[in-house]
Amino acid sequence: MSPSKNQAPTPTEDAAATADVPLPPSVQAGSLNHAIVRVARLHRLLAGQLLRRVGLHPGQELVMMQLWDRGPQRQTDLVRMLGSDAATMTRTIQRLEHAGFVRRRACDTDKRATIIEPTPASQALRREVEDIWAELENSVTAGLTPEQQSAALEVLDQIEGSLARATRPTA
């Protein structure tokens, strides 16, 4: 649906409209970088639209998946496993706690640590999040053969490894 003359386009319409715009000359030297940024932006946009149905924001579902699959965990372990930072994780946990999906408690063995655990209320959310992730996966892979999907995963793994090495602090 196109916006009327007086309405601004939605983020989805903006993203769709810019998907076929040729790269400016200043970006052509980094066309892979530009493609990664565009794909990541569109992926996050779609994930946000889908997750909004269940009252979550992108990234919150990753925390919940960790807790559902691995049980209660220290907040510092969630930071490490999800590649987050402490401040972002604290805000995410606060929002999930406010929504009733997690609870915090002091660690029995280390009083400095906080344990995050999923609430029974979050269990009803689990199936919906799994369905949303399946829908997102279907959107990502639409039109790709199984071989192309495997090749894409392989290339993305290589890119991730290269970026991980490049971001390691040098001693």
Side-chain angles (χ1 to χ4, degrees), residues 1 8-16 19 35-144 146 148-150 152-161 163-164 167-169:
M1 173 188 239
T10 66
T12 304
E13 291 166 337
D14 274 347
I36 290 169
V37 169
R38 289 190 332 264
V39 167
R41 181 176 54 85
L42 287 168
H43 185 272
R44 186 169 178 84
L45 179 69
L46 180 55
Q49 290 174 348
L50 297 173
L51 288 166
R52 204 170 301 128
R53 293 184 209 157
V54 295
L56 293 178
H57 297 280
Q60 292 177 334
E61 84 283 12
L62 297 173
V63 172
M64 294 310 306
M65 289 172 166
Q66 286 291 324
L67 295 172
W68 291 324
D69 290 344
R70 298 183 177 185
Q73 296 173 49
R74 295 182 316 160
Q75 186 166 327
T76 55
D77 294 332
L78 288 168
V79 167
R80 182 181 42 79
M81 284 190 296
L82 295 173
S84 183
D85 60 77
T88 300
M89 185 59 67
T90 296
R91 285 190 304 273
T92 299
I93 296 299
Q94 287 171 342
R95 289 176 181 138
L96 289 169
E97 186 177 36
H98 182 72
F101 297 135
V102 302
R103 89 176 117 245
R104 290 186 273 189
R105 63 176 170 81
C107 178
D108 296 335
T109 58
D110 181 357
K111 294 300 178 193
R112 298 169 298 172
T114 301
I115 302 295
I116 311 301
E117 57 189 12
T119 63
S122 79
Q123 295 303 325
L125 186 68
R126 184 176 187 163
R127 183 67 190 157
E128 292 179 80
V129 168
E130 289 169 353
D131 289 346
I132 286 168
W133 262 63
E135 185 175 346
L136 184 58
E137 182 84 1
N138 287 336
S139 294
V140 167
T141 60
L144 297 178
Q148 289 171 320
Q149 291 176 40
S150 292
L153 278 173
E154 187 176 321
V155 169
L156 288 170
D157 283 343
Q158 290 172 350
I159 290 171
E160 181 182 18
L163 291 172
T167 57
R168 282 193 195 118

Taking Thr119 for the side chain and Ser122 for the main chain, is one N or O donor matched with an acceptor at less than 3.5 Å? yes

Between Asp85 and Val79, is the side-chain contact (heavy atoms from CB on, under 4.5 Å) condition met? List the steps. CA-CA 6 Å; Asp85 60 77; Val79 167; 5.6 Å; no

Does Leu153 reach the side chain of Ser150, with side-chain heavy atoms less than 4.5 Å apart? no

Heavy-atom closest contact (Pro72 atom, Pro118 atom, distance): N-CD, 4.5 Å

How long is the span from the CG atom in Leu78 to the CZ atom in Arg70, to the nearest 0.5 Å? 10.0 Å

Heavy atoms of Asp108 and Lys111 approach each other most closely as O-NZ, 4.1 Å

For the OG atom of Ser139 and the CD atom of Gln49, what is their distance to the nearest 0.5 Å? 9.5 Å

Quick one: do Glu97 and Arg103 make a salt bridge, cutoff under 4.0 Å? no

So Leu45 and Arg41, side-chain contact (heavy atoms from CB on, under 4.5 Å) or not? Walk me through it. CA-CA 6 Å; Leu45 179 69; Arg41 181 176 54 85; 5.6 Å; no

How far apart are the closest heavy atoms of Gln94 and Arg104, and which atoms are they? CG-NH2, 3.7 Å

Just by modelled atom types, is the Leu144 backbone N or O under 3.5 Å from a matching donor or acceptor in the Gln149 side chain? yes

From CA spacing to verdict: salt bridge (Lys or Arg N to Asp or Glu O under 4.0 Å), Asp69, Arg126: CA-CA 10 Å; Asp69 290 344; Arg126 184 176 187 163; 2.8 Å; yes

Atom CZ of Arg105: over 12 foreign heavy atoms under 6.0 Å: yes

Enter the distance from Leu96:CG to Glu61:CD here, rounded to the nearest 0.5 Å. 10.0 Å

Taking every non-hydrogen atom, the tightest pair across Trp68 and Leu125: CH2-C, 4.0 Å

Would you mind reporting whether Val63 and Phe101 have side-chain heavy atoms less than 4.5 Å apart? no

Measure the CD-CG distance between Glu128 and Leu51 for me, rounded to the nearest 0.5 Å. 11.0 Å

Are the side chain of Gln75 and the backbone of Ile115 linked by a donor-acceptor contact shorter than 3.5 Å? no

For the student: nearest non-hydrogen atoms of Pro58 and Arg44, plus distance: CB-NH1, 3.4 Å

Do Leu82 and Gln66 make a side-chain contact, defined as non-hydrogen atoms from C-beta onward lying under 4.5 Å apart? yes

Closest heavy-atom pair and its distance - Val102, Ile93: CG2-O, 3.8 Å

Return yes if some donor-acceptor pair links the side-chain N/O of Thr92 with the main-chain N/O of Thr88 below 3.5 Å, else return no. yes

Enter the distance from Thr114:OG1 to Arg74:CZ here, rounded to the nearest 0.5 Å. 10.5 Å

Could you give the distance from CD (Gln123) to CG (Leu67), rounded to the nearest 0.5 Å? 10.0 Å

